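This report refers to the structure that appears directly beneath it.
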Amino acid sequence: MEHSHEPQVTVLPPNKEKIKKLWTVAGILGVLTIIEFIIAFSVPHGSFKTFVFVVMTIMKAGYIVGEFMHLKYEVKVLFWSILIPMIFVVWMLVAFVYEGMKISDVHF
Amino acid sequence: MSNSPTAVVSGSEQDLWNGGVSPLNASYGKLMMWFFLLSDAFTFSGLLVTYGLVRSAHKAYAGAVDAFSFSHAYWPIPEKVFDSVPFLHGVTLPLVFVGIMTFVLIMSSVTMVLAVEAGHRMDRQAVEKWMLWTILGGITFLSCQAWEWMHFITGTDNGTVIKEIVGGEWITKTIYGANLHENQYGPPDFADFFFFITGFHGFHVFSGVLLNFLIYYRTVTGRYERRGHYEMVEKVGLYWHFVDLVWVFVFTFFYLV
């Protein structure tokens with residue numbers, strides 16, 4: 001008996017352009033990670049190193065959220081309703097790390 | 001329908017907010033996944049920012065990297081704590097193993113996005129293939145993390161000699177590895193954050209592997225083919241990428257800085 005209840009499915013051929021782009025993004029993420037490794041062993045510890053790492057991490061996060069999670073191509077309202085609340089995190093980070101440094105000043 | 005005064009005129013501005021069209025051009029499920037991930041991002045931010053607070057409240061190690069030794073007096077530098085690779089006992093390979101873990105997780109994110117692409121084309125076999133690779137990547141990452149934890153808890157061969165007050169008297173003792181109240185690598189807080197943050201992330205990876213398996217199973221049994229779309233792959237894909245995203249931050253703030 002034929003599987004008459006199974007729907008007819010049209011399988012489209014792979015979207016070569018899109019797949020190529022995804023691998024490019026993966027390559028960028030890989031290269032950024034390798035550069036991070038090089039910096040980890042060649043630049044002395046300090047605020048400059050931390051700053052470079054934070055910038056590179058945000059770049060990586062941008063590629064993951066924008067390309068892999070497709071947020072860059074969503075409607076602008078959706079894009080901003082995800083991004084704007086992150087302001088609270090930035091504020092929290094600045095406030096708490098500043099607080100921590102003050103505690104350090106008091107202790108040492 | 002004459003008895004319905006609020007009848008919607010199709011194509012007008014009115015039905016935009018009445019269920020006719022999705023205002024954000026995303027399905028309900030996808031939208032809710034985005035908002036869940038936003039809230040989860042706050043949870044992880046809470047953990048990482050607290051880590052930042054406690055870390056900046058401790059003294060940083062100021063000497064030369066080569067002269068570093070474990071002490072409770074300052075926060076340890078990561079490449080001296082995480083310098084081991086399985087089966088290579090005694091060989092110092094700083095950050096190599098965690099680099100491999102990062103690579104595995106990024107690759108599994110790529111295979112996930114390829115599964116989503118295959119789903120758009122209704123290509124069941126390709127979805128199955130890429131989902132299996134993604135599951136494999138997730139399991140590999142979890143196994144690596146299990147080894148990493150085991151190594152962190154067991155400690156180094158020689159341990160670290162510490163002085164502490166027990167019953168009002170200073171005693172000297174050697175401690176090996178770390179748990180929630182003792183830590184040979186540095187201040188006990190360092191180990192606490194390590195366990196909480198990588199543990200919470202690992203739990204997310206674990207849940208992700210279960211979800212990925214569920215999606216794989218339903219793909220194989222043809223549920224999405226009958227449904228006519230593979231949107232579930234997309235939704236779980238969002239979650240899986242988020243797990244990768246969190247790892248990018250954990251990697252930077254725990255292992256690099």
Side-chain angles (χ1 to χ4, degrees), chain A residues 5-7 9-15 18-19 22-23 25-26 29-30 32-34 36-37 39-41 44-46 49-50 53-54 56-57 60-61 64-65 67-71 74-75 77-78 81-82 85-86 88-90 92-93 95-104 106-108, chain B residues 23-26 31 34-35 37-38 41-42 45-46 48-50 52-61 65 77 79 94-95 99 102-103 106-107 109-110 112-114 116-118 120-126 222 225-226 228 234 237-238 241-242 244-245 248-249 251-253 255-257:
Chain A
H5 60 284
E6 293 285 339
V9 176
T10 329
V11 178
L12 302 170
N15 186 341
K18 199 171 161 189
I19 290 173
L22 292 175
W23 281 108
V25 173
L29 289 175
L32 282 173
T33 307
I34 289 167
E36 280 185 332
F37 257 83
I39 294 172
F41 295 110
H45 287 273
K49 193 179 188 177
T50 308
F53 278 144
V54 168
M56 291 184 76
T57 304
K60 279 162 82 175
I64 291 172
V65 178
E67 300 289 341
F68 283 177
M69 296 171 89
H70 215 257
L71 189 62
E74 302 287 357
V75 174
V77 186
L78 177 54
S81 49
I82 298 300
M86 282 295 133
F88 290 112
V89 173
V90 176
M92 183 165 75
L93 181 73
F96 275 56
V97 171
Y98 182 76
E99 192 73 18
M101 290 191 296
K102 289 294 161 196
I103 294 172
S104 177
V106 171
H107 281 195
F108 305 110
Chain B
L24 298 182
N25 201 20
L31 206 57
W34 268 113
F35 289 133
L37 293 181
L38 184 64
F42 281 130
S45 305
L48 281 169
V49 170
T50 315
L53 167 85
V54 172
R55 187 180 172 158
S56 54
H58 277 82
K59 216 157 120 179
Y61 176 71
V65 175
I77 49 177
E79 65 255 39
L95 302 181
T102 305
F103 179 73
I106 288 177
M107 284 315 287
S109 218
V110 180
M112 184 81 224
V113 85
L114 289 168
V116 172
E117 193 272 341
H120 284 150
R121 302 184 282 109
M122 297 299 289
D123 191 340
R124 178 162 142 186
Q125 276 187 324
E225 199 160 86
R226 284 193 293 278
E234 256 178 86
L238 282 178
H241 296 313
F242 175 76
D244 183 30
L245 176 73
V248 164
F249 283 89
F251 177 63
T252 301
F253 295 116
Y255 294 95
L256 291 180
V257 173

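Reminder, nothing fancy here: chain letters follow the sequence lines and each chain counts from 1. This structure is a prediction, so every number in the text was calculated from the model and none was measured.
Ranked by heavy-atom pairs under 4.5 Å with chain A, the list B:G52, B:S45, B:A60 is led by B:S45. Annotation: maximal heavy-atom pairing with chain A below 4.5 Å, among B:L256, B:T252, B:L37, B:L38, occurs at B:L256. Ranked by non-hydrogen atom pairs under 4.5 Å with chain A, the options B:T102, B:V54, B:V65, B:I77 are led by B:I77.
Residue contact with chain B, scored on non-hydrogen atoms closer than 4.5 Å, involves the side chain of A:F37 exclusively. Contacts between A:F88 and chain B at a heavy-atom distance below 4.5 Å involve the side chain alone, from C-beta outward. Heavy-atom distances place no part of B:Y61 under 4.5 Å from chain A, backbone and side chain included. With a 4.5 angstrom heavy-atom cutoff, B:F251 touches chain A only via side-chain atoms. In this structure, chain B has heavy atoms under 4.5 Å from both the backbone and the side chain of A:I82. Only the backbone of A:P13 comes within contact range of chain B, with at least one heavy atom under 4.5 Å from a heavy atom of that chain. Residue B:H58 touches chain A through its backbone alone, counting heavy-atom pairs closer than 4.5 Å. Of the two parts of B:F249, the backbone and the side chain both hold a non-hydrogen atom closer than 4.5 Å to a non-hydrogen atom of chain A. Within the 4.5 angstrom heavy-atom criterion, only side-chain atoms of B:M107, from C-beta onward, approach chain A.
A:T10 OG1 to B:R121 CZ: the interatomic distance, rounded to the nearest 0.5 Å, is 13.0 Å.
A donor-acceptor pair is defined here as one N or O able to donate and one able to accept, closer than 3.5 Å; such a pair exists between the side chain of B:E117 and the backbone of A:N15. Judged purely by atom type and a 3.5 angstrom limit, A:T57 uses its side chain to pair as donor or acceptor with the backbone of A:F53.
More than 12 heavy atoms of other shown residues, nucleotides or ligands fall within 6.0 angstrom of atom CZ in B:F35.
Remark: the A:T33 side chain and the A:K60 side chain contain an N/O donor-acceptor pair separated by less than 3.5 Å.
With sequence neighbours excluded, the residues forming a side chain to side chain contact (heavy atoms under 4.5 Å, CB included) with A:H70 are A:Y73, A:E74, listed by chain and number. By the salt bridge (charged side-chain N to carboxylate O under 4.0 Å, His left out) test, B:E79 pairs with no residue at all, sequence neighbours left out.
Between B:E234 and B:L238, the closest side-chain pair of non-hydrogen atoms is not below 4.5 Å.
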